[in-house]
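Residue numbering restarts at 1 for every chain, and letters A, B, ... go by the order of the sequence lines. Scope of the values below: all heavy atoms of this structure, side chains included, with no hydrogens, waters or symmetry mates.
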There are 2 protein chains.
Amino acid sequence: MAVANAAVKIPLEIPVVEKRVRNRAATEQAILDAAKRLLAEEGFQNFGINAVARGAGCDKQLIYRYYGGLNGLVEAIGTDLGSWVTDRIPDDTGGMFLLTYGDLMERLSMLFLDALRADPLMRRIVAWEVSESSEQVRRLSEARSKALAGWIERMRGSLVPPKGVDAQAVNAMIFAAIQHIVLASAVSDQCAGLALKNGKDWEKAATALKRLVRGVYG
Amino acid sequence: MAVANAAVKIPLEIPVVEKRVRNRAATEQAILDAAKRLLAEEGFQNFGINAVARGAGCDKQLIYRYYGGLNGLVEAIGTDLGSWVTDRIPDDTGGMFLLTYGDLMERLSMLFLDALRADPLMRRIVAWEVSESSEQVRRLSEARSKALAGWIERMRGSLVPPKGVDAQAVNAMIFAAIQHIVLASAVSDQCAGLALKNGKDWEKAATALKRLVRGVYG
DNA sequence: CCAATCTGTCACCGAGTGGTGATTAGCAAG
DNA sequence: CTTGCTAATCACCACTCGGTGACAGATTGG
């Protein structure tokens, strides 16, 4: 070992990559952005220290230093998630007057459906939630559901569900259905035999959803 | 290489472990069983050649030989899945007379809900379906949905959905909701704020589900 | 009895993982 | 210029992964 030909060390590194500046705040942000982007685009399968470091274009050591590892990084994502939700989902009624609880839930369903369809990161997190039971995903899930519950509460106003209907359970079903078909569509363009490719397919789905809501809430 | 000190070869192997019999069929079955068990218990995260080989107590080389690798093994699982579905879900009406399409869908919902709750393997596969888009999971998904569609068709008999309702889309929503709450419950004991721990919780969920079904189909 | 075949085992490969300690590079104050 | 701080990198660790080629022992057919 350690034999001859030790005069290698070819430093052919072409420093085309712009010199990494010495800026902690910017690096932290780059790491966070890379993590979110990676999670949204690749999913939680290949989500790891090395992948994030590669995506951020920095050494993984910095992730340990600045976030205390992957867990801390995920936690930081979760913290962002609150504002994330309220950014993506409109907080007004869209100019409609919501007279009944049924009106409200129909509108909320549509908003949530569209928001989830348009948000890859959120989709990945939901998929993660139903696939793995770890501390990481627990925190993410908590942040997400908290933000969502707050949003619903704000939208609800003074409307109350009809008597004799377990609104909490029914709403859970509706939101579960929305989450599942959006997840399924993102993977296989269909769900339980229902195609979910083009806008026409989604209109059918939305109509069915509204019909379900109207069926229970009138 | 291949130098001196070749007289080692200490055969201190204590053959306590029962001699592995030379039986291809049994080994194949052991591998298949281990794969299904592993998938059901650990999920698709740590599902790999090495893990299956460990679980089956044999060398991974045999998995390559007998199944042509993980893909072939998954395919074999998928083949099993057909009978699997029809084994776990009752094929009769449970002594009820299903007079209307609403009766039918209510009953199917409950059967599917219970079957999914009782079947860890199926749950993992569903979770896999909404999390990853690979050839492996595509085959599994196909086998599952085919078996499911066949079951529904058999149960349907001559009943037809009410006019003016897109039964396919509505049913997709209902089944999506079921799948999602069962997945969520298996991971976090709740879904969208609705607790899903004890039998009482599940009764509430079932009631809400039935209410949704009855709302659209009367 | 020998040779071919089949079952099962072992050792190894390259690549990638999470994680840690030591080191270098840039900047500012003294 | 020297000193000290810190952002950033490098080198390495032990481990796991999927995958392959070679080999040993049993079984079977000629």
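- Distances shown here put a side-chain N or O of A/T27 below 4.0 Å from the OP1 or OP2 atom of D/dA8.
- Applying the salt bridge (charged side-chain N to carboxylate O under 4.0 Å, His left out) test to pairs two or more places apart or on separate chains, those with a residue in residues 113-126 of chain A are A/R88-A/D119.
- Checked against side-chain contact (heavy atoms from CB on, under 4.5 Å), A/N46 has no partners two or more places apart in sequence or in another chain.
- Rounded to 10°, the helix from C/dC1-D/dG30 to C/dG30-D/dC1 has 30° between the axis fitted to its first five pairs and the one fitted to its last five.
- We find that CG of B/N46 is positioned 11 Å from C1' of D/dT16, with the value rounded to whole Å.
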For nucleotides 4-6 of chain D, list the nitrogen or oxygen atoms of the protein found under 3.5 Å from its nitrogen or oxygen atoms, one pair per line.
from: D/dT6; atom 1: O2; to: A/R22; atom 2: NH1; distance (Å): 3.4
from: D/dT6; atom 1: O2; to: A/R22; atom 2: NH2; distance (Å): 2.6

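- Separation of atoms OG (B/S145) and CD (B/E129) is listed at 7.5 Å; rounding is to 0.5 Å.
- Distance CZ (B/R54) to P (C/dC10): 15 Å, rounded to an integer number of Å.
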Donor-acceptor contacts, no H, no angles, side chain residues 57-68 of chain A, under 3.5 Å, sequence neighbours left out:
from: A/D59; atom 1: OD1; to: A/Q61; atom 2: N; distance (Å): 2.9
from: A/K60; atom 1: NZ; to: A/N50; atom 2: OD1; distance (Å): 3.1
from: A/Y67; atom 1: OH; to: A/E28; atom 2: O; distance (Å): 2.8

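- When the side chain to side chain donor-acceptor pair (under 3.5 Å) test is applied to B/E142, the partners found at least two apart in sequence or on another chain are B/R138.
- Between the side chain of A/W128 and the backbone N or O of B/S131, no donor-acceptor pair lies under 3.5 Å.
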Exercise. How would nucleotides 18-23 of chain D be written as a contact map, 5' to 3', with B for base contact, S for sugar-phosphate-only contact and - for no contact, using protein heavy atoms under 4.0 Å?
Worked result: BBBB--
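- To the nearest 0.5 angstrom, B/L81 atom CG is 4.5 Å from B/I125 atom CD1.
- Residues passing the side chain to side chain donor-acceptor pair (under 3.5 Å) test with B/N23, sequence neighbours excluded: none.
- Atom P of nucleotide C/dG18 and atom CD of A/Q136 are separated by 10 Å, given to the nearest angstrom.
- With sequence neighbours left out, the ring pair (Phe, Tyr, Trp, His ring centres under 6.0 Å) criterion links A/F112 to A/F175.
- Under a 3.5 Å cut-off, the side chain of B/S141 and the backbone N or O of B/V137 do not form any donor-acceptor pair.
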Tabulate below the donor-acceptor pairs under 3.5 Å that side-chain atoms of residues 34-45 of chain A make, not counting sequence neighbours, or state none.
from: A/K36; atom 1: NZ; to: A/D80; atom 2: OD2; distance (Å): 3.1
from: A/Q45; atom 1: NE2; to: B/E132; atom 2: OE2; distance (Å): 3.3

Close N or O pairs between protein and nucleotides 28-30 of chain C (under 3.5 Å):
none

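- Note: A/I174 CD1 to A/L113 CG = 12.5 Å, rounded to the nearest 0.5 Å.
- In this entry the distance linking CG of A/L62 with P of C/dA25 reads 16 Å, nearest Å.
- Rounded to whole Å, the distance from OH on B/Y67 to C1' on C/dG8 is 16 Å.
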Considering only distance and modelled atom types, tabulate donor-acceptor pairs under 3.5 Å from the side chains of residues 178-199 of chain B, sequence neighbours left out.
from: B/Q179; atom 1: OE1; to: B/R144; atom 2: NH1; distance (Å): 3.1
from: B/Q179; atom 1: OE1; to: B/R144; atom 2: NH2; distance (Å): 2.9
from: B/Q179; atom 1: NE2; to: A/H180; atom 2: NE2; distance (Å): 3.4
from: B/S185; atom 1: OG; to: B/I181; atom 2: O; distance (Å): 3.4
from: B/S185; atom 1: OG; to: B/V182; atom 2: O; distance (Å): 2.9
from: B/S188; atom 1: OG; to: B/A184; atom 2: O; distance (Å): 3.3
from: B/S188; atom 1: OG; to: B/Q190; atom 2: O; distance (Å): 3.1
from: B/Q190; atom 1: OE1; to: B/G193; atom 2: N; distance (Å): 3.3
from: B/N198; atom 1: OD1; to: B/K200; atom 2: N; distance (Å): 3.2
from: B/N198; atom 1: OD1; to: B/D201; atom 2: N; distance (Å): 2.9

